[in-house]
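Note sheet for the following structure.
Because the structure is a prediction, the values reported are computed rather than measured. Each chain gets a letter, A, B and so on, in the order its sequence line appears, and its residues count up from 1.
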Amino acid sequence: MRRILVTSALPNANGAIHLGHLFEHILTDIWVRFQRMAGNECYYVCADDAHGTATMLAAEHLGTTAAAMIETLRREHAEEFGRFHVGHDNYYSTHSPENERLTRAIYERLAEDGRTFTADVEQLYDPERKLFLADRFVKGTCPRCGADDQYGDNCQECGATYDATELGNPRSTLSDNTPQLRSSDHYFFDLAQFTDFLKEWTASDAVQPEVANKLGEWLTGGLKAWDISRDGPYFGFTIPGTEGKYFYVWMDAPVGYMASFENLCDRSEGLDPDDFWRADSDAEVHHFIGKDIINFHCLFWPAVLQGAGYRTPTKVHTHGFVTVDGAKMSKSRGTFINASTYLKHLDPEYLRYYFATKLSANTDDVDMQLDDFVQRVNSDLVGKVVNIASRCAGFIHRGFDGTLAEGVHDAELWAAASNVRHELADLYERGDVGRAVRQITALADRTNQYIAEHEPWKHVNDPDRRDEVQGVCSLGINVFRALVVYLKPILPAMAAKAEAFLKVEPLAWEDAAEPLVAHEIDRFKPLFTRIDRKDVDKVVAETVAEVEAEDAEDQGGAEVSIDDFGKIDLRIAKVVDANFVDGADKLLELRLDVGDDARTVFAGVREAYHPGALVGRLVVVVANLAPRKMRFGTSEGMVLAAGPGGEDIFLVSPDAGAEPGMRVT
RNA sequence: GGCUGCGUAGCUCAGUUGGUUAGAGCACAGCAUUCAUAAUGCUGAAGUCGUUGGUUCGAGUCCAACCGCAGCUACCA
C-alpha cells in the first residue's frame, strides 16, 4: 500500500472560486479518489493563499481586517469545493500558526547553512501610501517604445521587459502620486547553489517532459537569486531577526501545504507529518498545479525543501488552463463562471464528467465548449451508461423478483469489462483520464449493442428463453456495475446512488474483478438527469449580470460630491468624420465637432458600429479628459457609451435640439 | 523579441519505434427498434492530416522554413 499526500495549488484569499480553480481541484480529486479506491492511503490537503499586498489592499477596500476577510473567504471556498465533491481532508489557510512556525524554521535552517544573503534593492516607493510598490502597482511610459500607461514589468505594446525603475513618468496606481526611488535591504534565497540538484531533479520523472523542457530554459540560462522578502506594510509573516521585513507570499505559500497537513495530523490519530516529509520518507508527495506556477513548484520549492533537509516532491502534475468556447474566460462574455453561479443551476457532476473527458497528462489548455458540454454529458452518461441499468432492471424485477442470474451469460463480454480495469488503473494513475473515459464509454457502447442483439423484450414471455433473458439483463447490470466502479472517481454522487440501486457496499476498484451473481437489486430510479441547455445559458447570463453589478459598485458605489461631478465637462459633440484605424481591432478614429473646436477621439466601438453609421450623429463626450497618447495617435476625450463591450456597445445620444458644444449637466 | 506547447472530418479527440484505401465519439442523413430518462442498434455522408520545401522505395508520423493559436519571460497571486 502506498502512502500518498496530495495537494492542489492554493486559491487566492481575495477572490471567488471559479471554473479555473474547479478544473484543478476536480482533476486532483479524481486522482485522489482513484488512489483511495485502489486501496492506497491518500490524503488531500489544500489552503487559501492568504498573504500578500493584494489581500491587504482588498481588506482595506472592504473596510475590514485582513484576518476577518480571509476567514470568511476560506469558509466560502471550502464549502464550494465540497459541493463539487472535492474531498479535501483539510482546507486550511496559509495564515496559520503552523505555517508561521514552519516557514520561519525553514528560513532559519537555510540562513544557517549559507543559503540566503541580503542585498540592497532600489525600488519605487509611494510616500502617500507609505509602501514599496510591486510592479503591477506602477504605471508609466515604456522605456523602449514610449507607449504610455504600461505596468512596471513589461510593455503590452512592444513586449519589452524591464525594471519598474526604468519607466518614464512613473506613477503609483494606488494613489496616483509620483513614486520615489528608495533603497531597502532585501533577503535572497541563493537558488543558484541548487543548480546541479535541480538539473538532476527535473530530469527525473518528477515532472512532465514539456515542463522539463521549460525548466531547462531557466537552468541553462543561469538561476538568479530569489528575493524572498518584502518591506512592510505587508500582510504576511515577519522574517526572524529583522525589523519590518516580511516573507514574500511565495515563500510561505508552498510551506502552507506542509502546514495544512500538519494541522490535519494534529486532529488525526496516528498520522505523523514527519513520515511524509522527512528526507528519507518512502511516502509520496504529489502537487497538482497550473502551468503558470511551474517555476515556483519545480525550482524554488524543491530547492527550499532540499536546502532545509526535507524530502522533495515525488511528482508535480502540471495542467493547462481552461478556456470557454475557444477563448480565455471573459467576464463580459459571461464565461468567467464562478462556482456559486454554476451551483445555482447545474449539477456539479456534469462539470466533473466533462472535465474528466478532457483531461490528459500534458499541459495543453482545455477548452470547455458549452454545446459540447451538454451533448457529451447527456449522450454518454444518460444515453449510454445509465441507460444500461435502466433498460435491464425492469426485466430483472418483472420476471425474476429482482434477482440476478447465477452465472455469466457471455464470458467474453464480462472478461472484457472486467479486465479493462488494469488498463484504466494505469490511465488514471498517469492522469490520462480522458482516454480512460473513452474506454469506458466504448464499453458502454458494446454493452448496449449486446443487449440489442439479444432482444430480451422479445423473449421475456417465452418460457423456454427465460434463462437467457435473465442472463442477458444480469450481465448488463454487471457491466453497469463495472462502469460505475470505473466512473466512481469522477462521479462519486452518482456512484453512491448506483450502489444503493445495486444494494452493495461502497465499491472499490477490485470489485470489478468479479460479477454479482444470484444477488438481489433494488428497483431502478433515475441516477442522472439530462442537462438542459437553457440552464447553461442562465449561468452565462447571470455571470454577465454579476459583473455588471460589480462594475457599477466599483464605479458608482463610492459616492461623489456634486463638486466632484462638476469637474467633469460633458459636452454634446457631432461626429464629423469616422474612420477605421489600421492595425486596431476595436478602435475607430472619430473627428468630433464640440462647438468651437474640433478634436480627435479614439473610441473602442469598432465591433459595434460602422464608421459610416456614425457620421453626422450627436454623441456625448467627456471634453476635459486628459489627452491620452495611444499607439495610433492622441485621443482628446472620451465618447460615452453603455454595454459590456464587443458588439454590445450603445452610444449615448441627446434628444433632438441639442447642439454641438452644449454642456451636459 | 526569446522560449515552451499545440494546429488531423462541423465539434472533441485517437493515430504505437515512418508502411497497404487516415480512425472513434458527438452533431448530421436514412433505416430498424420500442426494454429504457425521445434512451438503443444498423447504414451512410463528411478530412488535399496548418502551408511550403526536404529526407525516404514510402511521411499525419522525421528535418527545415513559414503561418496561426495558447502560454511563459522569475519581486501579480
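You'll find that the side chain of A:Lys291 is closest to B:G71, out of B:G71, B:U4, B:A74. The listed nucleotides are B:U37, B:A14, B:G2; the one nearest the side chain of A:Val382 is B:U37. Listed nucleotides: B:A36, B:G41, B:U37. Nearest to the side chain of A:Ser390: B:A36. For A:Lys384, counting side-chain heavy atoms from C-beta on, the closest listed nucleotide (B:U37, B:A74, B:G25) is B:G25. For A:Lys358, counting side-chain heavy atoms from C-beta on, the closest listed nucleotide (B:C6, B:G41, B:U12) is B:U12. The listed nucleotides are B:A36, B:C6, B:C75; the one nearest the side chain of A:Asn387 is B:A36. When distances run from any side-chain atom of A:Gln369 to the nucleotides B:A74, B:G71, B:C11, the shortest one goes to B:C11. The side chain of A:Phe528 sits closest to B:U37 out of B:A36, B:U37, B:C75. Considering only the side chain of A:Lys224, B:A74 comes nearest among B:G5, B:A14, B:A74. Considering only the side chain of A:Asp367, B:U12 comes nearest among B:U12, B:U34, B:C72.
Atom CG in A:Asn362 sits about 13 Å away from atom C1' in B:A70, given to the nearest Å. We find that CZ of A:Arg446 is positioned 14 Å from P of B:G41, with the value rounded to whole Å. Rounded to a whole Å, the CZ atom of A:Arg391 is 10 Å from the C1' atom of B:U33. Put simply, CZ on A:Phe194 is 17 Å from C1' on B:A74, counting in whole angstrom units. Straight-line distance from the CG atom of A:Leu215 to the P atom of B:G71: 19 Å, rounded to whole Å. Rounded to whole Å, the distance from CG on A:Asp372 to C1' on B:U12 is 5 Å. Going from atom CG of A:Asp365 over to atom P of B:U4 covers 17 Å, rounded to whole Å. A:Asn213 has its CG atom 17 Å from the P atom of B:C72, to the nearest Å.
Annotation: B:U8 and B:G44 have their P atoms spaced 26 Å apart (nearest Å). To the nearest whole angstrom, the two C1' atoms, one in B:U21 and one in B:U51, are 25 Å apart. When the P atom is compared between B:U16 and B:A22, the two are found 15 Å apart, to the nearest whole Å. Comparing the C1' positions of B:A39 and B:A59 gives a spacing of 43 Å, expressed to the nearest Å. B:C28 sits 33 Å from B:U61 when the P atoms are compared, rounded to a whole Å. Between B:G15 and B:G50, the two P atoms lie 15 Å apart (nearest whole Å). B:U33 and B:G10 are spaced 33 Å apart, taking the P atom of each and rounding to whole Å. Rounded to whole Å, the P atom of B:C35 lies 49 Å from the corresponding atom of B:G60.
With a cut-off of 3.5 Å on both pairing distances, B:G58 has no Watson-Crick or G-U wobble partner at all. Using N1 to N3 plus N6-O4 or O6-N4 for Watson-Crick, or N1-O2 and O6-N3 for G-U wobble, each under 3.5 Å, B:G18 pairs with nothing. Base-pair partner of B:C31: B:G41 (Watson-Crick or G-U wobble, both distances under 3.5 Å). Judged by Watson-Crick or G-U wobble contacts below 3.5 Å, the nucleotide B:G10 has B:C26 as its partner.
With ring centers used as reference points, A:Tyr248 lies 6.0 Å or more from A:His51. Between A:Tyr187 and A:Phe117, the gap from one ring centroid to the other reaches at least 6.0 Å. If you look at A:His454 and A:Tyr450, their ring centroids are closer than 6.0 Å.
If you check the side chains of A:Asp367 and A:Gln369, you find a donor sitting under 3.5 Å from an acceptor.
A:Arg530 has a side-chain polar atom (N or O) that falls below the 4.0 Å cut-off from OP1 or OP2 of B:A39. Here A:Arg523 does not reach the OP1 or OP2 of B:A36: none of its side-chain N or O atoms lies under 4.0 Å away.
A:Asn448 comes within 4.0 angstrom of the backbone, heavy atoms only, and of no base.
Partner of A:His319 under the ring pair (Phe, Tyr, Trp, His ring centres under 6.0 Å) criterion, chosen from A:Phe288, A:Phe23, A:Phe355: A:Phe23.
The base of B:C72 lies close enough to the side chain of A:Lys214 for a donor and an acceptor atom to sit less than 3.5 Å apart.
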